[in-house]
Amino acid sequence: MAAASSGADMFDDIVMAEERFHGEGYQEGYAEGSHIGVVEGRRYGSLHGAKIGSEVGCYLGFALTWQCLLHKCTDEKNSKKIRVLDSLIGMIQKFPYEDPTYDKLQEDLEKIRGKFKQVCSILNIQSDFRISTERSSLTF
Amino acid sequence: SPRPVPAGPGWACRAVLGEGHQRTVRKVAWSPCGTYLASASFDATTCIWKKQPDGFECVTTLEGHENEVKSVAWAPSGNLLATCSRDKSVWVWEVDEEEEYECVSVLNSHTQDVKHVVWHPNQELLASASYDDTVKLYHEEEDDWVCCATLEGHESTVWSVAFDRSGERLASCSDDKTVRVWRQYKPGNEEGVACSGTDPTWKCVCNLSGFHTRTIYDVAWCHLTGALATACGDDAIRVFEESSPAAPQQPTFSLAAHNSPGRAVTLHCSASVLRTSVEAEPSRKNRPRVSFSRHMSLMARAVFPVSFLE
């Protein structure tokens, strides 16, 4: 009896070889793919994050500069401009940069962009800055 | 002052405002006081024209949108103006006694082209319709404008929106060939509809489907009779009347039939209505003109837009 069952096991290994290798190959490939995916994802996330940071940083620099320039102006017209600038700066500073899982990330970003457009409208500045005539406008 | 134009078939062209825009003028709107005319254009600007004894003068050009401005609307108070664009944003502008316009908000709530904006008849509440299949509502909250409601339900582009006389209900028309009626439920409402905070919830209470065979481009709600009129890509204008007095939570509208019962109930209007589609030709240097003509494009087989005489 024992001899017969060990004979069946031996053929079993050969017969099931393809399926076994297939399974092992899949596991190895899955592990490797996951690892490569994480690396690529990290690189992509880093790029994307930098783009957003760059855009928001630009708005912040712009707003702080204007806040400085208008700092001494106390008339009614300029107080409105200062109020809107303060609002934009406040929104940018409140934004949670360290948390990519923040559920209102896109919504708050759109609010910042909208507020920036309003600031430009009030300051009478075109929001698509051109650094020089030959170069393309600053787009994000 | 200009002679009154006699009512009837004769309409005289009083002015041609040809020097304001560089591209299609998509929408015009009179201010509530009747002194100003706003024109929204594909050239990304909105011009404000002031009526003078001898014609119209462009008093200011509102810039800021990145591309085609699709609609413009004045708030009933006359102090606020809203514009919307293919750039997905809705802008709210404020005008003061010195005719100075200032942008008070840029709203980026829609995710696609915004087709139409309209103000509530008696509140400072703004509605917008978009290619993203939704209608959004906005109001001022703590010195800033915010989106306070999103009406989802349409399966395709929402082309236009109209409030009823009281402002309790809103009708929207869409590329999905339906007209939907939405009703406002305030916090603490007796129907038990949940609200978040102090904002009312809007729910769809009626869906007019099966009446239109093509995209519905415009809807108007008569503030005198409560009738709804639609402009559709199948070349017809339809008028709907509310069956009285149904439960307000489930209003039903039926097509206002013409004389003979049993016949097709679509109303086809007279030639004068077919000819009210205005086409503004791109202004050419010396001969700009605005003419009344039938649209020649595909979309122009539709009747677009439609409104009731006040």
Side-chain angles (χ1 to χ4, degrees), chain A residues 48 51-52 55-56 58-60 62-63 66-67 70 73 75-95 102-131 136-140, chain B residues 43-46 48 60-67 69 79-112 114 117 126 128 130 132 134 136 138-150 196:
Chain A
H48 202 63
K51 227 178 3 171
I52 293 175
E55 180 186 355
V56 178
C58 176
Y59 299 155
L60 184 61
F62 172 85
W66 274 97
Q67 192 185 47
L70 294 173
C73 303
D75 57 346
E76 180 56 47
K77 204 121 211 264
N78 284 312
S79 76
K80 173 72 193 228
K81 294 178 183 173
I82 290 168
R83 223 181 17 250
V84 183
L85 278 165
D86 285 347
S87 172
L88 176 59
I89 292 167
M91 284 168 89
I92 292 172
Q93 289 174 335
K94 245 188 355 173
F95 190 80
Y102 174 50
D103 60 346
K104 291 201 175 149
L105 193 135
Q106 281 306 326
E107 197 178 308
D108 282 7
L109 261 178
E110 287 297 348
K111 286 199 175 130
I112 289 172
R113 287 175 183 139
K115 186 57 75 176
F116 171 69
K117 286 245 150 105
Q118 188 202 350
V119 164
C120 286
S121 178
I122 289 186
L123 293 175
N124 221 334
I125 293 172
Q126 288 224 19
S127 58
D128 55 338
F129 313 138
R130 260 152 236 279
I131 295 165
S136 63
S137 60
L138 203 66
T139 54
F140 298 102
Chain B
D43 67 7
T45 72
T46 304
I48 309 293
T60 195
T61 302
L62 305 178
E63 293 177 336
H65 278 299
E66 292 171 28
N67 46 46
V69 187
N79 297 339
L80 296 173
L81 188 72
T83 57
C84 66
S85 160
R86 181 168 67 82
D87 69 8
K88 308 171 198 170
S89 68
V90 170
W91 288 50
V92 182
W93 307 81
E94 192 173 58
V95 57
D96 62 20
E97 311 81 37
E98 280 122 46
E99 294 177 5
E100 295 278 315
Y101 289 78
E102 183 180 81
C103 172
V104 295
S105 191
V106 174
L107 297 149
N108 287 328
S109 302
H110 279 297
T111 56
Q112 296 289 355
V114 191
V117 276
L126 180 65
S128 63
S130 165
D132 70 8
T134 70
K136 283 184 187 270
Y138 314 85
H139 66 196
E140 198 172 9
E141 211 170 81
E142 285 172 26
D143 215 34
D144 221 343
W145 283 77
V146 296
C147 174
C148 55
T150 299
S196 74

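Because the structure is predicted, anything quoted here is derived from the model rather than measured. In what follows, chains are A, B, ... by sequence order, proteins preceding strands, each numbered from 1.
Distance check: A/Gln67 CD to A/Ile82 CD1 gives 8.0 Å after rounding to the nearest 0.5 Å. With rounding to the nearest 0.5 angstrom, the CD atom of B/Glu63 is 14.5 Å from the OH atom of B/Tyr101.
B/Trp93 touches chain A through its side chain: at least one heavy atom from C-beta onward sits under 4.5 Å away, while N, CA, C and O do not. At a 4.5 Å heavy-atom cutoff, the contact between A/Lys80 and chain B is made by side-chain atoms alone. For chain A, no part of B/Ser109 is nearby; none of its heavy atoms comes within less than 4.5 Å.
With chain B as partner, the option from A/Arg83, A/Lys117, A/Arg113, A/Glu107 having the largest number of non-hydrogen pairs under 4.5 angstrom is A/Lys117. With chain A as partner, the option from B/Asp144, B/Val146, B/Leu62, B/Leu107 having the largest number of non-hydrogen pairs under 4.5 angstrom is B/Asp144.
Taking the six-membered ring where the residue is Trp, B/His110 and B/Tyr138 present perpendicular rings, their angle passing 60° and hence far from 30°.
Between A/Phe62 and A/Leu123, the closest side-chain pair of non-hydrogen atoms falls below 4.5 Å. Looking at heavy atoms from C-beta onward, B/Val106 lies out of side-chain contact with B/Trp145 at the 4.5 angstrom threshold.
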